[in-house]
Amino acid sequence: MKSQAKEARKQPDILILGVGNDILMDDGIGVKLVKMLEKKFPDPAASYETCMMGGFDVLDLMVGYAQVIIIDAIKTRKGTPGDIYHLVPEDFKETLHLSNIHDVSFLQALKFAKKMNLTIPRKIDIIAIEILEDRVFGDEFTPQLQTRYPEIKEQATRMVRELIES
């Protein structure tokens, strides 16, 4: 795994990871938020990355960090577009990308990493934003999510800062 090479070199303690596809309308919320955070709040203690896949791909990016904050889209039955959830691996079902039908689930990848004695983060937080559309090409959010985007940016920024400080 390329992660072993990453572990050998000095890296920041925190990874802020945006997961999603920014050309599939609302699905790009995690990627867009992480790009915004990196520009607005550069932090030498943090790396900012984006990824379109789940399972082992996300695990590979996480190895070697002490803390990871993942920002991803989620679709629940009762949520409203723009609702934000704070989850940890032990209590979430599935965000859109942390699992992939062509790969193992994120939770399975974490169990594998522990068995392989990989250095996985001791603290993993997931900020999941409720979305509406994730299957239509477009680089803009649906009107429902766009209306709430200023509030989402503010709340996600506050959550990331609180998670980094805790």
Side-chain angles (χ1 to χ4, degrees), residues 2-3 14-43 46-63 65 67-110 113 120-121 123-164:
K2 66 181 178 183
S3 300
I14 303 166
L15 172 62
I16 302 171
L17 179 62
V19 182
N21 189 331
D22 59 356
I23 63 165
L24 289 175
M25 296 190 77
D26 296 349
D27 189 51
I29 188 86
V31 171
K32 289 177 181 177
L33 285 169
V34 167
K35 288 178 181 178
M36 178 275 301
L37 287 166
E38 183 177 22
K39 285 180 185 171
K40 265 185 117 171
F41 306 105
D43 186 338
S47 287
Y48 296 85
E49 299 282 340
T50 61
C51 177
M52 288 194 297
M53 301 299 286
F56 284 127
D57 291 318
V58 171
L59 178 65
D60 194 40
L61 290 169
M62 293 175 23
V63 170
Y65 287 95
Q67 178 181 5
V68 174
I69 300 167
I70 299 169
I71 304 176
D72 195 6
I74 193 170
K75 287 176 93 172
T76 65
R77 292 177 191 214
K78 296 182 181 180
T80 301
D83 288 352
I84 299 180
Y85 312 97
H86 174 226
L87 308 168
V88 293
E90 295 79 24
D91 67 7
F92 86 104
K93 297 247 188 272
E94 299 296 334
T95 64
L96 287 179
H97 293 283
L98 290 181
S99 293
N100 177 335
I101 61 171
H102 303 292
D103 198 351
V104 300
S105 75
F106 178 61
L107 295 177
Q108 290 169 321
L110 283 177
I120 59 171
K123 185 166 175 29
I124 301 171
D125 293 283
I126 301 153
I127 297 172
I129 297 97
E130 187 81 40
I131 66 162
L132 186 62
E133 184 56 66
D134 64 337
R135 297 182 189 271
V136 174
F137 287 106
D139 59 359
E140 294 185 14
F141 298 129
T142 55
Q144 296 90 329
L145 197 65
Q146 186 62 47
T147 298
R148 293 197 58 198
Y149 191 62
E151 171 192 341
I152 294 166
K153 284 192 318 187
E154 183 180 315
Q155 189 174 353
T157 299
R158 185 174 54 251
M159 290 173 80
V160 167
R161 288 182 144 181
E162 288 172 0
L163 290 168
I164 288 173

Let me confirm one number: the [atom1]-[atom2] distance from [X] to [Y], rounded to the nearest 0.5 Å.
X: Phe41; Y: Met36; atom1: CZ; atom2: CE; result: 7.0 Å
X: Asp27; Y: Thr142; atom1: CG; atom2: OG1; result: 11.5 Å
X: Lys32; Y: Ile71; atom1: NZ; atom2: CD1; result: 14.0 Å
X: Ile152; Y: Thr157; atom1: CD1; atom2: OG1; result: 11.0 Å
X: Asp72; Y: Ile29; atom1: CG; atom2: CD1; result: 10.5 Å
X: Leu33; Y: Ile127; atom1: CG; atom2: CD1; result: 8.5 Å

Query raised in the report: Could you go step by step and tell me if Tyr65 and Ile124 meet the side chain to side chain contact (heavy atoms under 4.5 Å, CB included) rule?
Result: CA-CA 10 Å; Tyr65 287 95; Ile124 301 171; over 6 Å; no
Query raised in the report: Taking the side chain from Glu151 and the backbone from Lys153, do they hold a donor-acceptor pair closer than 3.5 Å?
Result: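 A pair under 3.5 Å: no.
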Query raised in the report: Is there a donor-acceptor pair closer than 3.5 Å between any side-chain N or O of Glu38 and the backbone N or O of Ile16?
Result: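 A pair under 3.5 Å: no.
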**Report entry** Derivation and outcome, side chain to side chain contact (heavy atoms under 4.5 Å, CB included), residues Asn21 and Asp134
**Finding:** CA-CA 9 Å; Asn21 189 331; Asp134 64 337; over 6 Å; no
Requested in this report: Mind listing the closest non-hydrogen atom pair of Leu145 and Gly82 along with its distance?
Outcome: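 Answer, listing the atom of Leu145 first, then Gly82: CD1-N, 3.5 Å.
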Query - Closest heavy-atom pair and its distance - Cys51, Leu17 - result: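 Distance-wise, the nearest heavy atoms are CB-CD1, 4.1 Å.
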[Y] side chain reached by [X] side chain, heavy atoms, under 4.5 Å:
X: Gln67; Y: Leu163; result: yes
X: Ile129; Y: Asp26; result: no
X: Leu15; Y: Pro121; result: no
X: Leu87; Y: Ile74; result: yes
X: Thr76; Y: Glu130; result: yes
X: Ile69; Y: Met159; result: no
X: Arg148; Y: Asp83; result: yes
X: Ile120; Y: Val68; result: no

Query raised in the report: For Leu132 and Phe141, what are the C-alpha separation, side-chain angles and deciding distance, and is it a side chain to side chain contact (heavy atoms under 4.5 Å, CB included)?
Result: CA-CA 9 Å; Leu132 186 62; Phe141 298 129; over 6 Å; no
Query raised in the report: What's the verdict on side chain to side chain contact (heavy atoms under 4.5 Å, CB included) for Asp125 and His86, showing C-alpha distance, side-chain angles and the deciding distance?
Result: CA-CA 7 Å; Asp125 293 283; His86 174 226; 2.7 Å; yes
